[in-house]
2 protein chains.
Amino acid sequence: MQLKNQVEWALHCCAILAGLGPDRHLPTKDLAELHGVPKEYLSKALQALSQAGIVEGTLGPSGGYRLARPAGAITFLNIVEAVEGRQSSFVCTEIRKNNPCRGSMSPAAAGDSRPCAIARVMWEADRAWRASLDGVTLAELAKTLEKTVPAPLLKKTAAWVEART
Amino acid sequence: MQLKNQVEWALHCCAILAGLGPDRHLPTKDLAELHGVPKEYLSKALQALSQAGIVEGTLGPSGGYRLARPAGAITFLNIVEAVEGRQSSFVCTEIRKNNPCRGSMSPAAAGDSRPCAIARVMWEADRAWRASLDGVTLAELAKTLEKTVPAPLLKKTAAWVEART
DNA sequence: TCTATTAAGGATATCAAATATCCGTAATAA
DNA sequence: TTATTACGGATATTTGATATCCTTAATAGA
Ligand code: FES
Ligand code: FES
């Protein structure tokens, strides 16, 4: 069980886009170079973010991507779900229905109107995971990065990005 | 991102074993038939549980599996980690190190002594997921099942299991 | 108008992991 | 002695993640 590497890429790309000036765009090519990942494949992740309404793509020269909403209105969960999907990590295949003892019982007596108790525990854990991710916004991440990334690297990267904008 | 189907199987098997009388064993063959899953493959999951010290296997006729600890001392997390492993769902590949701006900087100025802020958020969510799973024991699950599974099915299944013990 | 650049998406190839089966070994109860 | 069982190694099959390629349409700038 492992999230796609696209998730790490998408989060880092959003962090960069959050630092962009108003109405500036950064193309896939540069985002790929900045993170050292294959441009064509990263493009798929960015398309998913675009589909989810998290980023906006603009065509033509001087085009590229920017955030579609303020960074304070985008959470980690939004980004993770855009790339990874919204399905719970635990999928119940209803193996309880395979119990041979049910065979000779009336459908009523077999009684599985409510979800399996085991699945409910697993889904609750999934909910806790998503709640945790939904509690951190891109704006908060940007603040943390400003505090933890060394100033020279931060400044140099900002200039590098600005030059391609 | 999806947990293995083995997780659902292992949890249901443990729920059955938790209902066993003292010093009774249930073999893989019957656990597989009860849940309608391939015996040989289920065996792999049970071996993982055995390896983790959650269940105990006994050889020979009238052998099989039983819990290695009281049901109150076994959590969902124990079972999930036995089957799925302990690695976080989010794996950081350190793409921040691919930033071309780092190239001309001293290793000190590049400064990544601390884990990436993005990874820390993802790992915190993983921790929340595991904490949730660690908060429910097999004993509590058994209680819930007694309340929610119809009495006739519960009784019939108990008899079916007892007969193969 | 023409050209270069870009997002978007379809098609397809490659690779890794999950899923599943098969077999041999050793232990054990009857 | 025989049947039964856990255990582990080897291997096949299937699925999904990863990655590349190509076409289309939009757009900015020369
Ligand atoms: S039947 Fe799917 S978790 Fe119980
Ligand atoms: S470098 Fe891996 S999450 Fe930032």
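Below, chains carry the letters A, B, ... as their sequence lines are ordered, and counting in each starts from 1. This one's a predicted model, so the numbers in the text were calculated from it and none came from an experiment.
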Indicate, with a heavy-atom threshold strictly under 4.0 Å, whether A:Thr28 touches base, sugar-phosphate, or nothing.
sugar-phosphate

Taking the side chain of A:Gln6 as its heavy atoms from C-beta onward, which of C:dA8, D:dC21, D:dT18 lies nearest to it?
D:dT18

Hey, is NZ on B:Lys156 packed in by over 12 heavy atoms from elsewhere, all under 6.0 Å?
yes

Reckon A:Asn5 has a side-chain N or O less than 4.0 Å from the OP1 or OP2 of D:dT18?
yes

Pair B:Asn5, A:Thr93: side-chain N/O donor-acceptor within cut-off below 3.5 Å:
no

Could you check whether A:Arg127 makes a cation-pi contact with A:Trp123, meaning its NZ or CZ is under 6.0 Å from the centre of the six-membered ring and within 45° of the ring axis?
no

Return no unless some side-chain N or O of B:Gln47 is found under 4.0 Å from OP1 or OP2 of D:dC7.
no

Where each residue is assigned the nucleotide of DNA chain C containing its nearest heavy atom, which of A:Met1 and A:Thr58 is assigned the position nearer the 5′ end?
A:Thr58

Decide, yes or no, whether a salt bridge links A:Lys39 with A:Glu33 under the criterion of side-chain N to carboxylate O below 4.0 Å.
no

Between D:dG8, C:dT6, C:dG9, spot the one nearest the side chain of A:Lys44, thanks.
C:dG9

Nearest heavy atom decides the nucleotide; on that basis, is A:Ser62 or A:Leu42 closer to the 5' end of DNA chain D?
A:Leu42

Nearest to the side chain of B:Pro38, heavy atoms from C-beta on, is which of D:dT18, C:dT21, D:dA26?
C:dT21

Between D:dT20, D:dT27, D:dT18, which nucleotide gets closest to the side-chain atoms of A:Lys4?
D:dT18

Quickly work out the A:Tyr65 OH to D:dA26 C1' distance and round it to whole Å.
13 Å

note: B:Arg24, atom CZ; C:dA29, atom C1'; distance rounded to Å ~ 15 Å

Starting from P on D:dT27, measure out to CZ on A:Arg66 and report it in whole angstrom.
13 Å

Within this structure, what is the CD-to-C1' distance between A:Glu40 and C:dG9, rounded to whole angstrom?
12 Å

Taking 4.0 Å as the cut-off, does a side-chain nitrogen or oxygen of A:Tyr41 come that near to OP1 or OP2 on C:dT12?
no

Proximal nucleotide (of D:dA26, D:dC22, C:dT28) relative to the A:Leu59 side chain
D:dA26

For the residue pair B:Thr144 / B:Glu140, report whether a side-chain donor-acceptor contact shorter than 3.5 Å exists.
no

